[in-house]
Amino acid sequence: MDDRTQTSRRLFGETPPEFRAAGRDLRIDVCRGIALWWIFLDHVPNNIGSWLTPRNYGFCDAAEIFMFLSGVTCALAYGKAREREGWSGMIGRSLRRGWDIYAAFLLLTLACATSANNRCSSFGNNF
């Protein structure tokens with residue numbers, strides 16, 4: 001027990017130690033796993049485990065947990081950008097990321113639409 005020394009450090013004005021670590025945040029992964037189990041239990045009919053899910057006790061279900069977790073993830077990801085580049089840099093990064101996701105969505109939608117159109121036209125009048 002002699003090798004442990006207690007030091008008092010001030011946490012105000014510096015990043016809490018749990019947010020400084022590199023890698024994955026296990027709290028987010030655990031919450032995501034619990035939400036996935038709740039979604040699974042909600043979709044199994046006549047199941048006693050579905051009484052443990054939040055849809056029975058409030059106005060939300062496990063899908064809202066994913067929305068909350070996406071907000072926490074964005075705060076963790078873009079919080080460091082705000083510290084380095086300020087508010088304008090963070091907003092610029094998030095808008096660029098949003099545009100990348102939207103462009104990928106549009107391209108995938110276009111690819112699916114053309115693929116479905118080609119498949120339907122290859123059947124001819126057999127439909």
Side-chain angles (χ1 to χ4, degrees):
M1 291 298 223
D2 293 293
D3 60 338
R4 296 183 186 173
T5 59
Q6 182 166 351
T7 59
S8 60
R9 291 189 316 166
R10 191 174 143 189
L11 287 179
F12 299 105
E14 69 179 70
T15 307
E18 62 265 11
F19 293 126
R20 263 191 255 137
R24 296 183 68 91
D25 190 355
L26 294 179
R27 296 172 294 182
I28 293 174
D29 291 336
V30 167
C31 290
R32 188 180 297 133
I34 291 170
L36 284 171
W37 274 106
W38 282 342
I39 288 173
F40 172 73
L41 290 174
D42 284 339
H43 284 84
V44 174
N46 300 325
N47 157 352
I48 196 164
S50 67
W51 284 98
L52 301 173
T53 63
R55 87 180 157 109
N56 295 315
Y57 303 105
F59 296 113
C60 66
D61 59 1
E64 280 80 13
I65 295 172
F66 281 105
M67 292 303 297
F68 175 75
L69 289 175
S70 68
V72 170
T73 304
C74 285
L76 290 173
Y78 290 109
K80 293 176 185 175
R82 187 190 60 81
E83 288 176 0
R84 284 191 313 265
E85 302 170 10
W87 283 100
S88 61
M90 182 196 67
I91 291 171
R93 280 179 177 258
S94 61
L95 288 175
R96 280 192 301 273
R97 177 66 176 157
W99 173 252
D100 290 344
I101 292 171
Y102 185 65
F105 167 74
L106 289 177
L107 288 173
L108 287 172
T109 302
L110 182 64
C112 288
T114 56
S115 174
N117 188 23
N118 290 339
R119 287 185 182 211
C120 289
S121 64
S122 67
F123 285 113
N125 293 330
N126 295 336
F127 253 142

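Both backbone and side-chain heavy atoms feed into the values below; hydrogens, waters and symmetry mates do not.
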Participant: Can you get from Leu95 to Tyr78 by hopping between Ile, Leu, Val, Met, Phe, Trp and Tyr side chains that sit under 4.5 Å apart?
Facilitator: yes
Participant: Does any donor atom in the side chain of Ser50 or Asp42 lie under 3.5 Å from an acceptor atom in the other side chain?
Facilitator: no
Participant: Please say yes or no: joined through hydrophobic side-chain contacts below 4.5 Å, possibly via intermediate residues, are Phe105 and Trp99 part of one cluster?
Facilitator: yes
Participant: Can you hop from Ile39 to Val44 via hydrophobic side chains spaced under 4.5 Å?
Facilitator: no
Participant: Drop me the distance from Ser70's OG to Ile28's CD1, to the nearest 0.5 angstrom.
Facilitator: 10.0 Å
Participant: Assigning hydrophobic clusters by single linkage (Ile, Leu, Val, Met, Phe, Trp, Tyr; side-chain heavy-atom cutoff under 4.5 Å), is Leu36 placed with Leu41?
Facilitator: no
Participant: Asp61: which residues meet the salt bridge (charged side-chain N to carboxylate O under 4.0 Å, His left out) condition with it, sequence neighbours left out?
Facilitator: none
Participant: Quick one, Asp29 with Arg32, criterion salt bridge (Lys or Arg N to Asp or Glu O under 4.0 Å). Give me CA distance, side-chain angles, the key distance, then yes/no.
Facilitator: CA-CA 5 Å; Asp29 291 336; Arg32 188 180 297 133; 3.2 Å; yes
Participant: Around atom OH of Tyr57, are there more than 12 heavy atoms from other residues, nucleotides or ligands closer than 6.0 Å?
Facilitator: yes
Participant: Could you grab the distance from atom CG of Leu107 to atom OH of Tyr102, nearest 0.5 Å is fine?
Facilitator: 11.0 Å
Participant: State whether Trp38 and Arg55 meet the cation-pi test: NZ (Lys) or CZ (Arg) under 6.0 Å from the six-membered ring centroid, and within 45° of the perpendicular axis.
Facilitator: no
Participant: Within a strict 4.5 Å, meaning less than it, do heavy atoms of the Arg84 and Met90 side chains meet?
Facilitator: no
Participant: Should Ile34 and Leu69 be counted in the same cluster of Ile, Leu, Val, Met, Phe, Trp and Tyr side chains packed under 4.5 Å apart?
Facilitator: yes
Participant: Considering residues, nucleotides and ligands other than Phe66, do more than 12 of their heavy atoms fall under 6.0 Å from its CZ?
Facilitator: yes
Participant: For Ile48, is the CD1 atom crowded, meaning more than 12 foreign heavy atoms sit under 6.0 Å from it?
Facilitator: no
